[in-house]
Amino acid sequence: MYSVEVDRKWQQKWADMKLAAFNPKRLDKKLYVLEMFSYPSSAKLHVGHWFNYAPPDSWARMQKMRGYEVFQPIGFDAFGLPAENYAIKTGIHPEDSTLKNIDTMTKQLKTLGGMFNWDALLATCDPDYYRWNQWLFLQLYKHGLAYRKNAPVNWCPDCQTVLANEQVMDDGTCERCHTEVTKKSLTQWFFKITAYADELLEKLPALDWPEKTKKIQTNWIGRSEGADAVFAVELNGAPVLDEEKNPLALSVFTTRIDTLYGVTYLVIAPESPLLPLLTSEAQRASVEAYAEKTKKASEIARLAATREKTGVFTGAYAIHPLTQEKLPLWTADYVIASYGTGVVMAVPAHDTRDFEFAHTMNLPIKPVIEPSSGVDEPLPFVEYGTLKDSGPYTGLSSEEAIAALTRDLEAEGLGRKVVSYRLRDWLVSRQRYWGTPIPIVYCDHCGTVPLPESALPLTLPYDVAFSPDGVSPLAKSETFMNTECPVCGGPARRDPDTLDTFVCSSWYQFRFVDSQNKEAPFDTAKVNAMCPVDMYVGGQEHAAMHLLYARFITKALRDMKMLDFDEPFQALVHQGMILGSDGQKMSKSAGNTVSPDELVSQYGGDIFRLHLLFSFAYTEGGNWTDDGLLAVSRFISRIETLVQKAVSSRKTAAVPDKDLAYRVNYTILHATEDALKFQFNTTVARLMELLNHLQKATANSDSITENTYEAILTLLVLLAPFAPHFAEEMWEVTGHTTSIFAEAWPVHDEKALIRDEVEIAVQINGQIKTRLMIPRDIEEADLIEQIKEQDAYANWLAGRQPVKWIFVRGRLLNIVAK
RNA sequence: GCUCGUGUGGCGGAAUCGGCAGACGCAUCGGACUUAAAAUCCGACGGAUUAAACUCCGUGCCGGUUCGAGUCCGGCCACGAGCACCA
């Protein structure tokens, strides 16, 4: 009887025989399979973990049997907010709870029986790991890819603390006290991911990733081509001067330079540093009040508001670069400082937002584009069309005008072609304790000083008060904060923040390859040989963040000559989500959780694994159901019965059996094809079909032919990746003394798949009339004769005449009748 | 609002390049075995009209292309996801 005891037996044997070990002598056949590592939460291993790990493990096992040298490591994404919040609530230190959770989760993961390379195990909260986060930070800093600037963070004035975006409710209030969250400026560290925006976009098509995920990244990067146009600015009739006393040139970004003659005003973002310069004394009070108001409202609150357009006149005027017309300059929060130049040229006739604003503020609206169709359209007309009232450009199409105006403005020094991105640089500072300390000190004499690599790791102090009171917990640890400047030896302060945990996960796939390295994050030659990851599996929720950051860091490391390839993950699959039986996300509060531990001890891990493989489409997921558990449980015991019967039966010589050969080879072909595509449910279905046949074939006899016996062994080999412990046990029962995973994966025989007779459908005008068994290679003419001889032939035609015969070999014959 | 995805029996889900819709399984019903039940095995199982179907209808809805459409095209509807004043 298959049970969890069988699991334990084989898990021990696999450990003893080092089944999961990677043999570096077979590098040419290497296959790096990786599932996204997990956060070691205090809750038990849940169905989602199993769904993430078990099916890809089956895939990896099959690939091993197909001759690949598989490397499948496992680790823990151990830094982060939950442990810290737990600590705030219970007083248990994040390090203590995390290490304990890692211990528990490791034990649980082992019950899964994954072919994991435990030797490569890593946890990101280990100083041996995060010292290399710090090392990475220093390299990025050295290469100008890490920099510090002032940026707004979510701030709760009541709790006096910084909040992560997830801690801000939909209505813009704090999740703890429901006070309205505001923005506060802090000087923070950024990684310059925007330097790679173009490459991140360009390398996307060649990746074997889900199209949807590529689309999400494309949108996230948000490349848009347009032009900058330069406007001079006047205040009280005199040109505005910049800091160097030169006339200020106000640059705007637009994708619709063809509407340049329709500009009736300009808008500058309230957060723009240029704003004070462009404000008249008369308007200063109201502009400052407006800017202040904008700062207070969080981004989310801005969205929640009914989006009524608000804004204030600055008192300044912009000069149209071509017509020299004076255009009022407004400030309004519908313009964002961080996109484009933070200033827009407003064309109310051809932009919905400008139209609304002009309407509210009673600003002029000047149409300069008419529909090419000649049909009148209501304003705002935002599509491409034909220019009117546009000086020398009148009559051109929008496309032509964009080219002409960009060229002409550039010639005059009044503009140029520009590409803008939605992607922002990656803010990596977190005002939190449980993370990687930033390896930088601030010295009064030397300024911002990176730690020398020899000073790493800069360890996270254990004894820290991490209660939330508005300051980074590390800032309150005087022993941590006070240090010496590595340059001048004078007193200096450390950075009180820690790094975003996405830094940890942006390069862990390389550390796995060389996880014990004490000299470097990894050995370049080893990583070049083992990477990129050949198959990466994890949730789609990481489409934009983790997967983009990891791609960026890979490119940055490549440019530092640390590795020689462009992309970290060549192929990617997202598993679906397993929901509760009620269709809701599994949660303790909903009372719809399923405990893998219990099911595994009750049924055995392979039953649980098979259920996940068989009852769900892997990339879709779905609602949990116990029903399928019974189905696969039955499947397993039927195989067990069959194997026992086969073993105890008298063997007789093989007799030619074309049907059996066809079925076996059909199963090999389709089970393999489907499993390679992560379509495990149909793989299992094909195995069930073969079992059904073998069971019937052996039902009424106490002897078994040699070829039927061989077919049963083939079924076991095909089943092995999907029910590994059980298949090993059956393999042993059939007298084998070596692991079933040492067997070669069967290859189908094309010849066996050719049948002598095939069933085809006979249709009249596409409607099925009957089905016929016919010789596979029948001549079309003979088939037509045969059909004409059918008794019902005249009835089918019902007085119509056949005008055409369409024969699709092996499938159907369709008679077109009129 | 924009973009993308999905929609197939009572249920989970199959269906190659446009070629027999519903594989495989669950549930249900009937039968065998049993004193009985469970387990197991055999059979039926989209709907309708039926004596029976090789009859008619049927892949969210409406239309189109085609000898032939779950699959391709156009237009809707519903659900889900991503982005969200991005100039």
Side-chain angles (χ1 to χ4, degrees), chain A residues 210-220 222-224 226-227 252-257 259 266-267 269 299 302-303 305 307 309 332-336 338-347 350-354 356-357 382 420-424 540-541 543-544 611 614-617 620 622-632 634-635 637-638 641 670 673-674 679 681-689 691-692 695-696 699 759-772 790-792 795-796 802-818:
Chain A
E211 287 307 316
K212 170 120 200 218
T213 304
K214 296 194 206 177
K215 185 85 185 175
I216 288 172
Q217 293 215 345
T218 305
N219 293 342
W220 191 264
R223 183 189 150 99
S224 96
V252 305
F253 174 72
T254 177
T255 56
R256 291 298 302 273
I257 195 72
T259 62
L266 266 65
V267 188
E299 266 174 45
R302 264 207 240 172
L303 286 177
R307 287 203 207 171
K309 293 280 182 286
D333 65 5
Y334 81 91
V335 173
I336 309 167
S338 50
Y339 184 79
T341 60
V343 188
V344 304
M345 55 177 233
V347 187
H350 306 295
D351 181 278
T352 319
R353 296 149 304 183
D354 298 341
E356 281 169 21
F357 189 78
V382 299
S420 232
Y421 300 90
R422 205 196 71 99
L423 181 73
R424 311 289 163 76
Q540 185 167 35
E541 66 273 18
H611 174 44
F614 177 63
S615 305
F616 303 89
E620 301 295 319
N623 299 4
W624 174 263
T625 149
D626 291 326
D627 296 345
L629 215 48
L630 248 94
V632 294
R634 228 172 261 175
F635 173 59
S637 59
R638 285 171 64 207
T641 309
H670 288 99
E673 268 185 356
D674 291 354
Q679 221 178 290
N681 51 349
T682 50
T683 298
V684 177
R686 298 293 85 83
L687 300 181
M688 285 175 168
E689 283 167 354
L691 170 66
N692 288 344
Q695 199 174 30
K696 277 183 187 132
E759 190 189 61
I760 64 153
V762 178
Q763 305 178 327
I764 306 274
N765 293 336
Q767 249 184 351
I768 293 183
K769 292 299 168 185
T770 192
R771 296 176 171 87
L772 290 179
Q790 297 286 311
D791 293 341
N795 279 345
W796 295 340
V803 294
K804 203 172 167 188
W805 303 74
I806 291 163
F807 180 42
V808 182
R809 188 164 289 281
R811 290 200 181 269
L812 56 79
L813 187 132
N814 186 19
I815 306 166
V816 187
K818 273 182 186 152

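Lettering follows sequence order; numbering is per chain, from 1. Computed from a predicted model, the values in this text were never measured in an experiment.
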**Q** For A/R634 and for A/G766, locate the closest nucleotide of RNA chain B by heavy-atom distance; then report the residue assigned to the nucleotide nearer the 5' terminus.
**A** A/R634
**Q** Hey, are the side chains of A/V762 and A/Q790 touching, using non-hydrogen atoms and a 4.5 Å cut-off?
**A**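 They are not in side-chain contact.
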**Q** If you measure from the P atom in B/G19 to the same atom in B/A27, how many Å do you get, rounded?
**A** 33 Å
**Q** Take A/I760 and A/E689, find for each the nucleotide of RNA chain B with the closest heavy atom, and name the residue whose nucleotide sits nearer the 5' end.
**A**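 In this pair, the answer is A/I760.
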**Q** Determine the contact category for A/I768: base if any of its heavy atoms lies under 4.0 Å from a base atom, sugar-phosphate if only primed atoms, P, OP1 or OP2 are that close, otherwise nothing.
**A**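 The residue A/I768 makes sugar-phosphate contact but no base contact.
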**Q** Considering only heavy atoms and no angle criterion, is a donor-acceptor pair shorter than 3.5 Å present between the side chain of A/N814 and the base of B/C67?
**A** yes
**Q** Is the shortest side-chain N/O distance from A/S224 to OP1 or OP2 of B/A87 below 4.0 Å?
**A**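 For A/S224, the contact criterion (side-chain N or O under 4.0 Å from OP1 or OP2 of B/A87) is met.
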**Q** Taking atom P in both B/C73 and B/A81, what distance in whole Å separates the two?
**A** 25 Å
**Q** Between A/N814 and A/G766, is there a donor-acceptor pair closer than 3.5 Å when you use the side chain of the first and the backbone of the second?
**A**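 Present.
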**Q** Are a donor atom and an acceptor atom from the side chains of A/N692 and A/R638 found within less than 3.5 Å of each other?
**A**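 Yes.
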**Q** Out of B/C56, B/C24, B/C41, which nucleotide sits closest to the side chain of A/K769?
**A**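 Of all the options, the side chain of A/K769 is nearest to B/C56.
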**Q** Can you tell me how far C1' in B/C41 sits from the matching atom in B/U66, rounded to whole Å?
**A**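 Going atom to atom, C1' in each nucleotide, I get 47 Å.
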**Q** With side chains defined as the heavy atoms from C-beta onward, is the minimum distance between A/M688 and A/F614 less than 4.5 Å?
**A**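 Yes, side chains in contact.
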**Q** Looking across every strand, which nucleic acid part, if any, lies under 4.0 Å from A/N623 by heavy atom: base, sugar-phosphate, or nothing?
**A**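 Nothing, no nucleic acid heavy atom in range.
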**Q** If you measure from the P atom in B/C2 to the same atom in B/G9, how many Å do you get, rounded?
**A** 30 Å
**Q** What pairs with A/H611 under ring pair (Phe, Tyr, Trp, His ring centres under 6.0 Å), at least two apart in sequence or on another chain?
**A** A/F616, A/W624
**Q** Any side-chain heavy-atom pair from A/L266 and A/V344 closer than 4.5 angstrom?
**A** no
**Q** Would you say A/N795 reaches B/U55's phosphate, i.e. side-chain N/O to OP1/OP2 under 4.0 Å?
**A**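 For A/N795, the contact criterion (side-chain N or O under 4.0 Å from OP1 or OP2 of B/U55) is not met.
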**Q** Between A/F253 and A/G340, what is the shortest heavy-atom contact and its length?
**A**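 Of all heavy-atom pairs spanning A/F253 and A/G340, the closest is CB-CA, 4.1 Å.
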**Q** Whether A/K212 contacts B/U3 is assessed here as follows: a side-chain N or O lying under 4.0 Å from the phosphate OP1 or OP2. Is that the case?
**A**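 Looking at the OP1 and OP2 atoms of B/U3, neither is under 4.0 Å from any side-chain N or O of A/K212.
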**Q** Would you please enumerate the stems RNA chain B participates in, each stem being three or more consecutive Watson-Crick or G-U wobble pairs with both distances under 3.5 Å?
**A**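 Looking at RNA chain B, the stems formed by three or more consecutive pairs are B:1-7 with B:77-83, B:10-12 with B:24-26, B:28-32 with B:40-44, B:46-48 with B:55-57, B:60-64 with B:72-76.
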**Q** Could you tell me whether A/F614 contacts a base, only the sugar-phosphate backbone, or nothing, with contacts defined as non-hydrogen atoms closer than 4.0 Å?
**A** base
**Q** Identify the two heavy atoms, one from A/V347 and one from A/D354, that lie closest to each other, and give their separation to 0.1 Å.
**A**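 Shortest heavy-atom separation between A/V347 and A/D354 comes out as N-OD2, 2.9 Å.
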**Q** Within this structure, what is the NZ-to-P distance between A/K804 and B/U66, rounded to whole angstrom?
**A**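 After rounding, the gap between these two atoms is 11 Å.
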**Q** Rounding to a whole Å, what distance do you find between A/R809:CZ and B/C20:P?
**A**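 Distance, rounded to whole Å: 17 Å.
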**Q** Figure out the NE2/P separation between A/H350 and B/A87, and round it to whole Å.
**A** 17 Å
**Q** Starting at atom CD of A/Q767, determine the distance to atom P of B/A21, rounded to an integer number of angstrom.
**A**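 That distance rounds to 10 Å.
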**Q** A/K309 has an atom NZ; how far is it from atom C1' of B/A87, in whole Å?
**A** 12 Å
**Q** Kindly label the base of B/G64 as syn or anti, based on whether its glycosidic torsion lies within 90° of 0.
**A**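 This nucleotide is in anti.
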**Q** Take the protein atom CD of A/Q540 and the nucleotide atom C1' of B/G80, then report the distance between them rounded to whole Å.
**A**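 In whole Å, B/G80 C1' and A/Q540 CD are 11 Å from each other.
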**Q** In whole angstrom, give me the gap between the P atoms of B/G75 and B/C26.
**A** 43 Å
**Q** Using the P atoms only, state how far B/G68 lies from B/C57, rounded to an integer number of Å.
**A** 14 Å
**Q** Name the orientation of the base relative to the sugar in B/C77: syn if the glycosidic angle is within 90° of 0, else anti.
**A**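 Here the answer is anti: the torsion falls beyond 90° from 0.
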**Q** Consider the side chain of A/D627, meaning its heavy atoms from C-beta on, and name the nucleotide among B/C26, B/A23, B/C54 that approaches it most closely.
**A** B/C26
**Q** When rounded to the nearest Å, what value does the distance between P atoms of B/C85 and B/G18 take?
**A**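 It works out to 40 Å between them.
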**Q** Could you measure between the two C1' atoms, the one in B/G70 and the one in B/G60, and give it in whole Å?
**A** 12 Å
**Q** At under 4.0 Å between heavy atoms, what does A/R424 touch on the DNA or RNA strands: base, sugar-phosphate, or nothing?
**A** base
**Q** Please determine, for the side chain of A/L812, which listed nucleotide (B/C42, B/C85, B/C20) has the closest atom?
**A**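 For the A/L812 side chain, the nearest candidate turns out to be B/C20.
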**Q** Would you say A/Q763 reaches B/G19's phosphate, i.e. side-chain N/O to OP1/OP2 under 4.0 Å?
**A**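 It does not, given that no N or O in the side chain of A/Q763 lies less than 4.0 Å from OP1 or OP2 of B/G19.
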**Q** Roughly how many Å is it from CG in A/L772 to P in B/C54, rounded to a whole number?
**A** 14 Å
**Q** For the pair made of CZ in A/R686 and P in B/U16, what is the distance, rounded to whole Å?
**A**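 Rounded to whole Å, this separation is 12 Å.
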**Q** To the nearest 0.5 Å, how far apart are CE in A/M345 and OG1 in A/T254?
**A**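 Going from CE on A/M345 over to OG1 on A/T254, the span is 4.0 Å.
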**Q** With distance as the sole criterion, do the side chain of A/R811 and the base of B/C20 form a donor-acceptor contact below 3.5 Å?
**A** no
**Q** Give a yes/no answer on whether the side chain of A/Q679 brings an N or O atom under 4.0 Å of OP1 or OP2 in B/C24.
**A**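 Result: no.
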**Q** Counting only side-chain heavy atoms from C-beta out, which of B/C85, B/C54, B/G12 sits nearest to A/W796?
**A** B/C54
**Q** Please determine whether a side-chain nitrogen or oxygen atom of A/N681 lies at a distance below 4.0 Å from atom OP1 or OP2 of B/G25.
**A** no
**Q** A/M688 has a side chain; which of B/C67, B/C85, B/G25 sits nearest to it?
**A**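 Output: B/G25.
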**Q** The side chain of A/I216 is closest to which nucleotide in this list: B/C20, B/G82, B/C67?
**A** B/G82
**Q** Tell me every residue that passes side-chain contact (heavy atoms from CB on, under 4.5 Å) with A/V382, counting only those two or more places apart in sequence or in another chain.
**A** A/T352, A/P380
